[in-house]
Colleague: 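Handing you this structure, nothing more for now.
The model shown is predicted, which means the values in this text are computed figures rather than measured ones. Whatever order the structure lists them in is the order used to number ligands and atoms, beginning at 1.
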Amino acid sequence: MPIKDWLRGLEAYSPPSGEGIEVVLDLNESPWPPPESVIEAIVRALRSSNRYPRREDVEPVREALAEYAGVEPRHVVIGLGGDMVIEKAFQLVVRPGDAVVLPESCFSMYPFYARVNGARVAGVTLSERGEEWVLDWQLLLEIVKRERPSLVGIDNPNNPTGSIIVPGEGELVELLENAMRRRVLVVLDEAYYEFSNVTYVGLTEAYPNLLIIRTLSKAFSLAGLRVGYGIAHPELVAKLESLMPPFLPKPSLYAARAAIEDRGYVRRVVEVIVSEREWLRERLKMLGLKTYRSSTNFVSFKPGIDNLEEKLRERRIAVKSFRIGDYKIVRATVGKPRDNSMLVNALREVLESG
Ligand SMILES: Cc1ncc(COP(=O)(O)O)c(C=O)c1O
């Protein structure tokens with residue numbers, strides 16, 4: 001592809017503005033700050049921030065993540081957010097002109113890195129079935145056979161619907177077997193694992209073409225410090241490591257280690273978010289909105305009226321809207337109880353005034 005055509009497709013990905021927003025429910029963050037033990041660890045890191053991080057700063061984090069995920073440390077690769085691990089996966093296998101297979105609606109960085117690497121996206125249909133969104137698994141398998149993609153990305157649970165879209169282990173194994181024969185990398189994104197309790201980490205030993213993405217940005221309340229990790233076969237981990245920058249910020253590393261150690265805090269955060277999520281869904285239903293079952297820290301629903309995102313923004317509440325085929329859905333992160341009540345009240349007003 002001529003470089004000019006390639007550059008034309010690129011757009012900068014800049015963070016959204018939070019200016020004037022009082023209730024922040026648009027980026028699936030934890031509404032609670034990290035615990036005191038994490039803040040103390042960050043202060044300790046700052047005191048020696050004249051020094052580059054050493055191996056002794058990184059390896060305990062890898063060990064703690066591995067122990068948490070139930071794998072050996074050599075199965076873990078750490079990145080600046082799960083985002084960086086996704087970026088390196090694309091860099092490793094995707095070349096200009098390649099196909100990348102993704103659900104037709106998924107975490108925005110997948111189509112972004114497909115574009116950055118000059119790949120074309122083959123989208124797999126997501127259909128509404130009752131209170132779930134379902135991925136057409138048969139179509140996914142056919143596209144993998146037909147298109148010979150270099151990468152398949154699946155976020156499970158899916159962002160922005162909140163649905164579990166991998167039907168089960170048998171189906172995933174069928175995909176991995178097919179993908180392995182065709183040298184396709186399967187990136188399975190478990191960013192919301194703490195909320196879904198669904199994981200396929202156990203398959204990474206047998207399938208060296210499987211990369212699992214995890215993050216400390218959601219349940220662990222560390223979105224601003226950018227710590228994520230990949231879990232994969234050691235051979236794949238070594239390849240990804242070879243593309244990683246040598247240093248990750250010390251405050252992030254120290255914070256990660258402390259956050260993983262304070263498992264009780266995460267458990268409480270998840271418990272409250274799950275209970276608030278179900279409260280929020282009930283209230284949205286009472287407002288006559290169609291909502292979807294969620295295995296994440298957000299709720300998605302049909303907006304009922306046009307320009308709902310803008311109308312809520314005028315009331316200083318940030319949510320995010322998406323298009324899936326002919327449908328429009330809105331995604332609202334679960335906030336603190338007060339945030340969720342404010343969202344429900346604002347929605348009631350907006351819907352009543354049409
Ligand atoms: C499915 C999915 N993967 C990855 C991420 C990004 O995580 P991180 O903050 O670790 O880059 C998100 C964030 O919203 C996400 O929804």
Side-chain angles (χ1 to χ4, degrees), residues 13-16 18 24-31 34 61 65 68-69 76-91 100 102-114 116 124 126 133 135 151-166 186-196 198-201 211-232 240 244-245 248-249 252-253 255-256 259-260 266 273 277 292 294-300 318-322 324 329 331-335:
Y13 195 98
S14 57
V24 186
L25 305 176
D26 57 343
L27 287 180
N28 302 344
E29 298 144 324
S30 164
V61 183
L65 288 168
Y68 170 67
V76 174
V77 51
I78 308 170
L80 275 176
D83 189 0
M84 183 185 261
V85 186
I86 299 168
E87 179 196 352
K88 297 302 170 192
F90 273 80
Q91 195 182 333
V100 165
L102 302 173
E104 65 176 321
S105 194
C106 64
F107 175 47
S108 53
M109 297 315 278
Y110 287 90
F112 174 77
Y113 287 124
V116 165
V124 183
L126 275 172
W133 288 87
L135 188 70
L151 186 148
V152 175
I154 304 172
D155 44 1
N156 191 54
N158 171 251
N159 176 5
T161 62
S163 297
I164 290 284
I165 57 172
V166 174
V186 177
V187 180
L188 184 63
D189 193 322
E190 297 181 349
Y192 300 96
Y193 161 67
E194 285 75 16
F195 302 95
S196 73
V198 175
T199 183
Y200 292 102
V201 158
L211 168 64
I212 303 234
I213 303 289
R214 295 273 191 91
T215 181
L216 301 192
S217 295
K218 311 295 174 187
F220 287 87
S221 300
L222 290 189
L225 285 162
R226 316 300 303 120
V227 185
Y229 57 109
I231 303 169
L240 291 165
M244 287 285 171
L248 297 172
S252 304
L253 291 169
I260 303 158
V266 178
I273 288 178
R277 181 186 73 203
Y292 300 95
S294 168
S295 299
T296 64
N297 65 345
F298 58 84
V299 171
S300 67
V319 296
K320 205 160 160 45
S321 35
F322 296 86
I324 309 180
I329 65 164
R331 186 192 72 193
T333 309
V334 179

Colleague: What about F220 and Y68, are their ring centers closer than 6.0 Å?
Modeller: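 Yes, they do, as the ring centres are separated by less than 6.0 Å.
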Colleague: Measuring from T215:OG1 to Y193:OH, what's the distance to the nearest 0.5 Å?
Modeller: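 Result: 14.5 Å between the selected atoms.
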Colleague: Does some side-chain heavy atom of F90 sit less than 4.5 Å from a side-chain heavy atom of L151?
Modeller: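 Touching, per the 4.5 Å side-chain cut-off.
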Colleague: Enumerate donor-acceptor pairs with a distance under 3.5 Å from any side-chain N or O in residues 155-162 to protein atoms, sequence neighbours excluded.
Modeller:
from : atom 1 : to   : atom 2 : distance (Å)
D155 : OD1    : N158 : ND2    : 2.9
D155 : OD2    : F107 : N      : 2.9
D155 : OD2    : N159 : N      : 3.2
N156 : OD1    : I165 : N      : 2.7
N156 : OD1    : V166 : N      : 3.0
N158 : OD1    : T161 : N      : 3.4
N158 : OD1    : T161 : OG1    : 2.7
N158 : ND2    : S105 : O      : 2.9
N159 : OD1    : R331 : NH1    : 2.7
T161 : OG1    : S163 : N      : 3.2

Colleague: Do M244 and M84 come within less than 4.5 Å of each other through their side chains, counting heavy atoms only?
Modeller: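 Yes - at least one pair of side-chain heavy atoms lies under 4.5 Å apart.
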Colleague: Please check this pair: side chain of R277 against backbone of V299, looking for a donor-acceptor N/O pair closer than 3.5 Å.
Modeller: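 No, because the side chain of R277 does not come within donor-acceptor range (under 3.5 Å) of the backbone of V299.
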Colleague: Polar pairs, ligand 1 vs protein, N/O only, below 3.5 Å.
Modeller:
from     : atom 1 : to   : atom 2 : distance (Å)
ligand 1 : 3 (N)  : D189 : OD1    : 3.2
ligand 1 : 3 (N)  : D189 : OD2    : 2.7
ligand 1 : 9 (O)  : S217 : OG     : 2.6
ligand 1 : 9 (O)  : R226 : NH1    : 2.8
ligand 1 : 10 (O) : G82  : N      : 2.6
ligand 1 : 10 (O) : T215 : OG1    : 2.5
ligand 1 : 10 (O) : S217 : OG     : 3.3
ligand 1 : 11 (O) : G82  : N      : 3.3
ligand 1 : 11 (O) : D83  : N      : 3.0
ligand 1 : 11 (O) : R226 : NH2    : 2.8
ligand 1 : 14 (O) : Y192 : OH     : 3.4
ligand 1 : 14 (O) : K218 : NZ     : 2.7
ligand 1 : 16 (O) : N159 : ND2    : 2.8
ligand 1 : 16 (O) : Y192 : OH     : 2.7

